[in-house]
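Here is the naming used below: chain letters follow the sequence lines, and residue numbers restart at 1 for every chain.
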Amino acid sequence: MAETATAEKVAKKKEKPAPRIEVIDEFCKGCNICVDICPTNVLEMKPDPTRWVGAVVVVTRPEACTRCMLCEIHCPDFAIKVY
Amino acid sequence: MDKKIQLWEGNHLVAEAAIRAGCRFFAGYPITPSSEVAEYMAWKLPQVGGTFIQMEDEIASMGAIIGASLAGVKSMTATSGPGFSLKQENLGFACIAEIPVVILNVMRGGPSTGLPTHPSQMDVMQARWGTHGDHWIIAIAPAYMDEIFRGTVRAFNLAEKYRVPVIILLDEILGHMHEGYEIPDDFEIIDRAKPDVPPEEYFPYDDSKGDVPPLAPFFTGYRYNVTGLNHDKSGFPTTNPELIQRDMERQRRKLYANLDDILWYDEYKLDDAEIGLVAFGSMGRSAQVAVDLAREQGIKAGLFRPITLWPFPEEKVQQLAEQVDTILVPEMNLGQLILEVERCVHGKANVEGVNKVGGLPIEPPEILEAIKARI
Amino acid sequence: MAFNYEYYLRMDKMPHMWCPGCGIGIVVKAMLRAIDKMGWSKDDVAVVSGIGCTSRTPGYVDFNTLHTTHGRALTFATGLKLARPDKHVIVISGDGDAAAIGGNHFLHACRRNIDLTLIVVNNYIYGMTGGQASPTTPFGARASTAPYGAVDSPLDISRVAIAAGASYVARGTVAQGFMLEKFIYNGFKHKGFAVIEAMSTCPIQYGRRNKLSDPVQLLKWVKEHGVPAKKAEKMSPEELEGKFITGELHNQERVEYTEEYELVRQRAQEAAGAR
């Protein structure tokens, strides 16, 4: 059901360019807030032992993004931008 | 109106002089014996387009004047003992951030609530070392009406010229004394240097063009950071030991390399003196009378009276120690200025105090007795 | 579309120093968006702070920035505003800074109703100094100076602000960033002293000691403990125990200090002229 709703929304926004999500890796502190707050599971936290925080967010399902901006608004580290 | 002698109270004269020097912001908190300054400012400042605000406490007053000064407005506060203690926190901020402000301390007896309505000279050392940490500061201690007027103007000028807080030390006697005085018009007014570079090239603590970098007022297109943390030339916090050492040394040097400009003192009948007095403020006046009384009795006494108390005019005191065998230091405390005199004299003369606490001044005959006891 | 935070940030100072999951960044972002919405020039804005985690904000934002002494930000801001009433002065403070050491200044800024905006980021703890109990630490919660649970009752910053005379008071949470932005924006538009209390998160110093170390879990805790004002009206005091009421709690037109002082100048000048 949720998947259908998302698909519809995506279809509706076809006229507009598809959302683009930019992660500024060096700002991300791996807090996971964005991953949790995203209603369409666009983001994932990827373990990264080379970073002091041990993880970095990655965009795994950009096509599901509805440009709701919740991730950008609530990223405390200025690390996510949704275009 | 100004061209006539008027009866001035010391505290009111400080306030009037401040306004003539360009002060347009005063924040204060009521405290005896300095409240008359706030009252005068509350009456006069709005007349000249300035701002008076009574803050919730002494700490707040000190913060407010630093804020106003950062916006480019010459600012001052006035207080006494307990309030001066509370000023120290933000006074340290003004030191490290190099913000020009003027603080009047009308000294009363202490410590703590002490003697609110009686004079003392107990804040000599607090004026120098009241706030924590290494810092460099100017303190001016006038003794006569003309010195109160010119000293106040000078306090603003030095604050602006050197980007430093300047303390004016009066005591209850001078603050509440009424004397006839004609306001002069032959005084210079100095305003802080403004940057001559565009914002992108401006650094508020840049030492490349001298020890006193220009200070851009807030809201004039120069967006920079001011902090109470040790900072680099751009005003941002740093823990870099070399940068901090360099910045702190510059802050010291900006005053101590300009002593000729900053020091102000008076010498009274010192040329042939065989016994020296060192006294300041109201006790400087007492000592001057004592010198005359001594000379009437054939004793060659002379007075060195520092008006700039900090930095201390140490070379002059060293010279005095070469000239006389005994230096007396009358002061309304149990020995503060004498510590600095002893340091400068370095054993080359006997240094002895003439001290009184309890709220009464040391009168000239008492100083005379002390002189005669050493002859 | 993505907001251009870079325009308002000092990018050479980024990334900021705040811990993973700390809510301060969310508040700063809301503040920047609200400033942008106001259309203010960066030259006309001052951001003033005291000491603490929140108080490191001025270092990162590209305005006239002033990082003062602990608790005293409002006093410096008062001087700045009185010197330049035409400019916009914002104070950003933490709960310890604003409500403990700066409590007196907070009360009197409210009373004076001077046209400043105070944003208090309330994370219930002294973060920077190592998790000591603050004036808003919930009763019984653990802190490094309350190892057996806090024995002091917490202070309700927004209620105190209203009681002391602040003419705009709103409380939001960092879990609701859009709402926070709206409150800050309305605070900016308001003529008078505006207080926006942002209930925030400190996973490291508060969360770790109170079984809420996961930033996501702590953010949810904050959201769940916020009760919208309308809903709170229908709840009993027992039900509201340990909760905090969110929303625009107070909005009143009242004499503003700098405007009133301009009238004082006029009266003084008339009196001087008549003499």
Side-chain angles (χ1 to χ4, degrees), chain A residues 9-10 12-59 62 65-83, chain C residues 1-34 53-54 57 60-61 121 123 172-182 184 198 200-204 207 213-220 222-223:
Chain A
K9 267 189 183 170
V10 172
K12 258 188 197 169
K13 290 188 173 176
K14 266 276 154 67
E15 326 67 268
K16 282 190 190 173
R20 185 170 59 82
I21 303 158
E22 186 192 329
V23 174
I24 305 160
D25 281 6
E26 60 268 34
F27 287 5
C28 176
K29 291 177 186 157
C31 71
N32 218 40
I33 287 175
C34 57
V35 174
D36 184 78
I37 212 163
C38 174
T40 56
N41 301 318
V42 171
L43 307 162
E44 268 180 41
M45 196 52 64
K46 191 182 83 179
D48 182 349
T50 66
R51 300 166 59 83
W52 69 272
V53 286
V56 66
V57 70
V58 287
V59 184
C65 176
T66 64
R67 249 197 216 106
C68 73
M69 307 303 285
L70 281 171
C71 61
E72 185 186 306
I73 296 283
H74 294 94
C75 168
D77 297 302
F78 299 81
I80 296 194
K81 309 204 54 162
V82 182
Y83 294 94
Chain C
M1 277 302 269
F3 183 82
N4 186 5
Y5 294 105
E6 292 79 357
Y7 176 72
Y8 293 104
L9 291 174
R10 289 168 170 152
M11 290 305 283
D12 58 324
K13 308 297 174 200
M14 296 288 286
H16 60 59
M17 64 182 294
W18 297 310
C19 302
C22 167
I24 297 169
I26 301 174
V27 183
V28 173
K29 289 169 91 171
M31 176 185 87
L32 296 178
R33 293 193 304 273
C53 294
T54 306
T57 302
Y60 302 115
V61 294
V121 181
N123 61 7
T173 77
V174 293
Q176 293 143 305
F178 287 113
M179 203 199 292
L180 207 50
E181 174 189 335
K182 187 181 89 179
I184 296 172
S200 187
T201 55
C202 177
I204 303 294
S213 61
D214 173 32
V216 170
Q217 200 192 349
L218 183 54
L219 200 70
K220 283 180 177 157
V222 168
K223 194 173 179 182

Next item on the list: Tell me, with the steps shown, if A:C75 and C:K29 meet side chain to side chain contact (heavy atoms under 4.5 Å, CB included).
Entry: CA-CA 9 Å; A:C75 168; C:K29 289 169 91 171; 3.7 Å; yes

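- Heavy atoms closer than 4.5 Å to chain A are found nowhere in C:L218, neither backbone nor side chain.
- Proximity to chain A (any heavy atom under 4.5 Å) is restricted, for C:M11, to the side chain, taken from C-beta onward.
- For C:L9, the part lying near chain A is the side chain, with the backbone staying farther off; criterion is any non-hydrogen pair under 4.5 Å.
- Taking the side chain as every heavy atom from C-beta outward, A:M69 and C:M1 never approach each other to under 4.5 Å.
- For chain A, no part of C:A30 is nearby; none of its heavy atoms comes within less than 4.5 Å.
- The shortest heavy-atom contact between A:K29 and C:C19 is CD-C, 4.3 Å.
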Note to self: Working note: C:R33 + A:E72, criterion salt bridge (Lys or Arg N to Asp or Glu O under 4.0 Å); need CA distance, chi angles, decisive distance, verdict.
What the structure shows: CA-CA 12 Å; C:R33 293 193 304 273; A:E72 185 186 306; over 6 Å; no

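- C:E6 and A:I24 make their closest contact through OE2-CD1, 4.4 Å (heavy atoms, listed as atom of the first residue, atom of the second, distance).
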Checklist line | Criterion side chain to side chain contact (heavy atoms under 4.5 Å, CB included) on C:F178 and A:L70, from CA distance to verdict | finding: CA-CA 9 Å; C:F178 287 113; A:L70 281 171; 4.0 Å; yes

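- Under the ring pair (Phe, Tyr, Trp, His ring centres under 6.0 Å) rule, A:F78 has a single partner from C:F3, C:Y5, C:Y8, C:W18, which is C:Y5.
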Checklist line | Intermediate values then yes/no, side chain to side chain contact (heavy atoms under 4.5 Å, CB included), A:D77 and C:H16 | finding: CA-CA 7 Å; A:D77 297 302; C:H16 60 59; 2.8 Å; yes

Would you mind writing out the side-chain donor-acceptor pairs for residues 48-57 of chain A within the sub-3.5 Å range, not counting sequence neighbours?
unit_1: A:D48; atom_1: OD1; unit_2: A:T50; atom_2: N; d: 3.0
unit_1: A:D48; atom_1: OD1; unit_2: A:T50; atom_2: OG1; d: 2.5
unit_1: A:D48; atom_1: OD2; unit_2: A:T50; atom_2: OG1; d: 3.4
unit_1: A:R51; atom_1: NE; unit_2: A:A55; atom_2: O; d: 3.3
unit_1: A:R51; atom_1: NH1; unit_2: A:D25; atom_2: O; d: 3.1
unit_1: A:R51; atom_1: NH2; unit_2: A:D25; atom_2: O; d: 2.8
unit_1: A:R51; atom_1: NH2; unit_2: A:C28; atom_2: O; d: 2.5

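- When atom types are taken as modelled, the side chain of A:H74 and the backbone of C:G177 share a donor-acceptor pair closer than 3.5 angstrom.
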Next item on the list: Determine, step by step, whether A:D36 and C:K220 satisfy the side chain to side chain contact (heavy atoms under 4.5 Å, CB included) criterion, reporting the C-alpha distance in whole Å, the side-chain angles of both residues, the deciding distance to 0.1 Å, and the verdict.
Entry: CA-CA 10 Å; A:D36 184 78; C:K220 283 180 177 157; 3.2 Å; yes

